[in-house]
Amino acid sequence: MAEMEKIASFQVNHLTLEPGVYVSRIDRDPETGAVTTTFDIRLTSPNREPVLNTAECHTLEHLGATYLRNHPTWASRIVYFGPMGCRTGCYLVVFGEVTSEEILPLVRGLFEFVRDFEGEIPGARPEECGNYLDQNLGMAKWVARRYLERDLDRPDGARTRYGA
């Protein structure tokens with residue numbers, strides 16, 4: 001098997017990466033011209049802070065996807081929202097070329113929605129989800145509150161550029 005190139009996300013220094021909202025990649029389909037932007041919504045400092053447990057990741061996914069797919073202006077541009085395999089954050093994929101600064105209000109709104117959410121987690125019934133018992137609303141709310149207060153509402157602004 002030929003040697004494969006290291007993908008871009010593995011070239012980001014995870015020893016210095018801090019929580020923030022980063023453009024991870026921009027993809028353009030050469031045939032259709034369609035553009036998607038993938039955001040790295042980093043919730044913890046990789047390799048320096050504990051990772052998120054699967055239950056709060058799962059709850060963040062359910063609440064986040066519900067919020068985003070019901071947003072009055074962004075719903076039609078949402079491609080995907082879900083946890084990273086390393087459990088240090090989430091990916092948000094949207095149609096169009098969008099900057100971190102442009103997406104920040106949406107990300108703030110998403111985490112405010114999670115922080116303030118009360119009631120039954122959307123899609124968390126056995127007929128709706130393949131792992132419906134693996135949810136933790138209390139911890140998802142804690143993660144959202146910490147991310148908003150510690151990382152998104154920093155006096156110097158949210159971190160939006162890798163290596164900055």
Side-chain angles (χ1 to χ4, degrees), residues 7-9 12 17-44 52 54-125 127-130 132 135-164:
I7 64 173
S9 63
V12 174
L17 186 59
E18 295 293 337
V21 179
Y22 304 95
V23 171
S24 176
R25 58 186 289 155
I26 297 172
D27 295 288
R28 289 175 177 78
D29 183 301
E31 291 184 30
T32 65
V35 178
T36 59
T37 302
T38 301
F39 290 95
D40 170 341
I41 300 176
R42 193 64 59 153
L43 303 173
T44 69
L52 304 173
T54 59
E56 58 257 30
C57 278
H58 196 192
T59 302
L60 285 169
E61 176 209 1
H62 278 241
L63 292 175
T66 298
Y67 174 83
L68 293 166
R69 291 198 170 102
N70 283 279
H71 194 275
T73 55
W74 282 94
S76 65
R77 295 182 64 185
I78 302 301
V79 176
Y80 171 79
F81 176 78
M84 296 175 177
C86 63
R87 294 182 288 136
T88 62
C90 298
Y91 287 116
L92 170 60
V93 183
V94 300
F95 285 115
E97 188 168 342
V98 182
T99 67
S100 293
E101 292 78 12
E102 291 169 322
I103 207 74
L104 271 172
L106 180 66
V107 172
R108 273 195 186 91
L110 184 160
F111 283 93
E112 288 167 353
F113 175 76
V114 173
R115 178 197 64 200
D116 299 337
F117 186 82
E118 298 292 335
E120 184 178 320
I121 299 165
R125 293 183 180 177
E127 65 272 16
E128 300 169 326
C129 178
Y132 77 102
Q135 300 279 348
N136 189 333
L137 179 58
M139 278 304 297
K141 291 171 69 129
W142 182 88
V143 168
R145 184 176 60 252
R146 182 181 75 156
Y147 188 57
L148 285 163
E149 293 172 359
R150 182 189 77 167
D151 302 311
L152 291 186
D153 293 334
R154 297 167 45 87
D156 58 342
R159 295 176 188 94
T160 59
R161 305 233 186 307
Y162 287 136

Worksheet entry | Donor-acceptor contact below 3.5 Å, side chain R69 vs main chain V79 | yes

Worksheet item: With no hydrogens and no angle check, is any side-chain donor or acceptor of T37 less than 3.5 Å from a backbone partner on I26?
Response: no

Worksheet item: Hey, mind stepping through L137 and L63 against side chain to side chain contact (heavy atoms under 4.5 Å, CB included) and telling me if it holds?
Response: CA-CA 9 Å; L137 179 58; L63 292 175; 3.8 Å; yes

Practice prompt. State whether the side chain of E56 and the backbone N or O of N136 hold a donor-acceptor pair below 3.5 Å, judged by distance alone.
Written response: no

Worksheet item: Are any of the side-chain heavy atoms of L152 and V21 separated by less than 4.5 Å?
Response: yes

Worksheet item: Taking the side chain as C-beta and beyond, is there a heavy-atom pair between Y67 and L106 under 4.5 Å?
Response: yes

Fill in: side chain to side chain contact (heavy atoms under 4.5 Å, CB included) involving A144 - partner list, sequence neighbours excluded
F111, V114, R115

Worksheet item: Between Y147 (side chain) and W142 (backbone), is there a donor-acceptor pair under 3.5 Å?
Response: no

Worksheet item: Hey, what do you get for CG (L92) to OG1 (T38), rounding to the nearest 0.5 Å?
Response: 8.5 Å

Fill in: Salt bridge flag under 4.0 Å for residues R150 and E18
no

Item to complete: Indicate yes or no: does K141 engage E118 in a salt bridge with an N to O separation below 4.0 Å.
Response: yes

Discussion item. For the NE2 atom of H62 and the SG atom of C57, what is their distance to the nearest 0.5 Å?
Written reply: 11.5 Å

Response to the item:
Nearest heavy-atom approach of F117 to E120 is CZ-O, 3.2 Å

Worksheet item: In Å and rounded to the nearest 0.5 Å, what is the CG to CH2 distance from L110 to W74?
Response: 12.5 Å

Worksheet item: Quick one: OG1 on T66 to NE2 on H71, what's the gap to the nearest 0.5 Å?
Response: 14.0 Å

Worksheet item: Please walk me through it: do L148 and E112 pass side chain to side chain contact (heavy atoms under 4.5 Å, CB included)?
Response: CA-CA 8 Å; L148 285 163; E112 288 167 353; 3.8 Å; yes

Fill in: Expected output: side-chain R87 to main-chain L52 donor-acceptor under 3.5 Å
yes

Worksheet item: Which heavy atom of Q135 sits nearest a heavy atom of A124, and at what distance?
Response: NE2-CB, 4.0 Å

Worksheet item: Can you find a heavy atom in the side chain of D40 that is under 4.5 Å from one in the side chain of V12?
Response: no

Worksheet item: Taking the side chain as C-beta and beyond, is there a heavy-atom pair between Y22 and T160 under 4.5 Å?
Response: no

Fill in: Atom CD of E31 with >12 non-hydrogen neighbours under 6.0 angstrom
no

Worksheet item: Between Y91 and M84, what is the shortest heavy-atom contact and its length?
Response: CE1-CG, 3.5 Å

Worksheet item: Do you know which two heavy atoms are closest between R28 and V35, and how far apart they sit?
Response: CG-CG2, 3.6 Å

Worksheet item: Which pair of non-hydrogen atoms, one from V93 and one from T36, has the smallest distance, and what is that distance?
Response: CG1-CB, 4.1 Å

Practice prompt. May I ask you to test the S100-V23 pair for a side-chain heavy-atom distance under 4.5 Å?
Written response: yes

Fill in: Closest approach of C86 to R42 (non-hydrogen atoms, all atoms of both residues)
SG-NH1, 4.0 Å

Worksheet item: Has the side chain of R77 got a donor or acceptor atom that lies under 3.5 Å from a matching backbone atom of F95?
Response: yes

